[in-house]
Amino acid sequence: AQSVTQLGSHVSVSEGALVLLRCNYSSSVPPYLFWYVQYPNQGLQLLLKYTSAATLVKGINGFEAEFKKSETSFHLTKPSAHMSDAAEYFCAVTKGYAGGTSYGKLTFGQGTILTVHP
Amino acid sequence: DAGITQSPRHKVTETGTPVTLRCHQTENHRYMYWYRQDPGHGLRLIHYSYGVKDTDKGEVSDGYSVSRSKTEDFLLTLESATSSQTSVYFCAISESGGLGQYFGPGTRLTVL
């Protein structure tokens, strides 16, 4: 079984400050990991994904995440927050191919709402 | 953006009535999924499909059924709607199953 824990349901930063959204996962097999962003009244947009290649993954809008197996973490960062980054962010996990067929079923964390202050 | 549409986008219905939500894709992706999103719960998988006529249950499937008679369409049916099924429903598609899903705009369903 897999699970995802996002630490902090709300994170508030000032414009220009570092953004750090935390995600820890639990998986009995090598995982694939994802970050999604959801703007108000919209669907989810894929930000970035880890699929067992490079452990530091770069995504859209200047975000990146690092897969740390020893810490079972996949934290999302951005060096400088922008007002347009205000949204809800979801971390998700699925079995990697080495873990056998999962049909790509995702297990999501509870979400973190990011607020950016001027 | 991936070509995914959901219909209707908003619906209000009464307890006990059947409701069908439609997801339509133009990407010819094999995998399709239905989720519900509720505050404090993130997204939870209801049902998924890994091919035409091939479907299976997710973690919150009670009270829901699905059908997929064509690659492009995945229907979610609430057999007898209850107030606990008031939620936002998202459809997602995936080409390879393991490399990420692409989401539709959602359907907001209210059951009175």
Side-chain angles (χ1 to χ4, degrees), chain A residues 1-6 8-10 21 23 25 27 29-53 57 59-60 65 74 87-113, chain B residues 1-7 9-10 21 23-25 27 29-51 54-61 66 68 74 87-108:
Chain A
Q2 299 151 283
S3 65
V4 172
T5 302
Q6 292 183 238
S9 59
H10 290 81
L21 304 182
C23 172
Y25 70 92
S27 179
V29 297
Y32 287 173
L33 292 154
F34 307 84
W35 276 100
Y36 285 86
V37 60
Q38 185 180 33
Y39 299 101
N41 298 313
Q42 294 187 25
L44 278 71
Q45 181 182 4
L46 182 63
L47 264 181
L48 50 77
K49 59 188 175 186
Y50 166 76
T51 56
S52 75
V57 182
I60 61 173
F74 190 58
E88 189 164 16
Y89 292 79
F90 293 93
C91 182
V93 64
T94 190
K95 287 182 184 177
Y97 284 119
T101 301
S102 73
Y103 301 109
K105 291 181 290 180
L106 291 174
T107 300
F108 283 87
Q110 306 301 317
T112 298
I113 295 173
Chain B
D1 289 344
I4 312 169
T5 56
Q6 293 184 233
S7 59
R9 294 293 313 281
H10 301 270
L21 308 183
C23 177
H24 179 78
Q25 62 146 326
E27 305 295 323
H29 285 353
R30 177 183 176 187
Y31 300 91
M32 299 185 75
Y33 312 84
W34 276 107
Y35 294 89
R36 59 177 291 172
Q37 183 178 27
D38 304 289
H41 291 276
L43 280 84
R44 292 179 292 175
L45 182 65
I46 305 172
H47 281 279
Y48 65 100
S49 170
Y50 46 96
D54 292 323
T55 66
D56 205 349
K57 297 178 180 179
E59 66 175 295
V60 290
S61 60
V66 290
R68 191 171 179 198
F74 192 32
S87 186
V88 180
Y89 291 86
F90 287 99
C91 174
I93 65 174
S94 177
E95 182 177 17
S96 65
L99 298 181
Q101 298 175 15
Y102 298 91
F103 284 76
T107 294
R108 184 173 296 275

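All chains are named by letter (A, B, ...) in the order of the sequence lines, taking the proteins before the strands, and each is independently numbered beginning at 1. Small disclaimer: the values here were computed from a predicted structure and weren't measured.
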Those residues at least two apart in sequence (or on a different chain) that pass side-chain hydrogen bond (donor to acceptor under 3.5 Å, both in side chains) with A:Gln6 are A:Thr112
Approximate separation, where rounding is to 0.5 Å, of B:Phe103 CZ and A:Gln42 CD = 14.0 Å
Reported CG-to-CD distance for the pair A:Leu44 and B:Gln101, which is rounded to 0.5 angstrom | 10.0 Å
What is the minimum heavy-atom distance between [X] and [Y], and which atoms define it?
| X | Y | result |
| --- | --- | --- |
| A:Phe90 | B:Gln37 | CZ-NE2, 3.3 Å |
| B:Tyr48 | A:Lys105 | CE2-CD, 3.3 Å |
| A:Gln38 | B:Phe90 | NE2-CZ, 3.4 Å |

Is it true that atom CZ of B:Arg108 has more than 12 heavy atoms of other residues, nucleotides or ligands lying nearer than 6.0 Å?
-> no
Would a 4.5 Å heavy-atom cut-off, applied to side chains only, mark A:Leu106 and B:Tyr35 as touching?
-> yes
When the 4.5 angstrom heavy-atom criterion is applied to B:Leu43 and chain A, the contacting part is both
Who pairs with B:Val60 by side chain to side chain contact (heavy atoms under 4.5 Å, CB included), at least two apart in sequence or on another chain?
-> B:Arg36, B:Arg44, B:Ile46
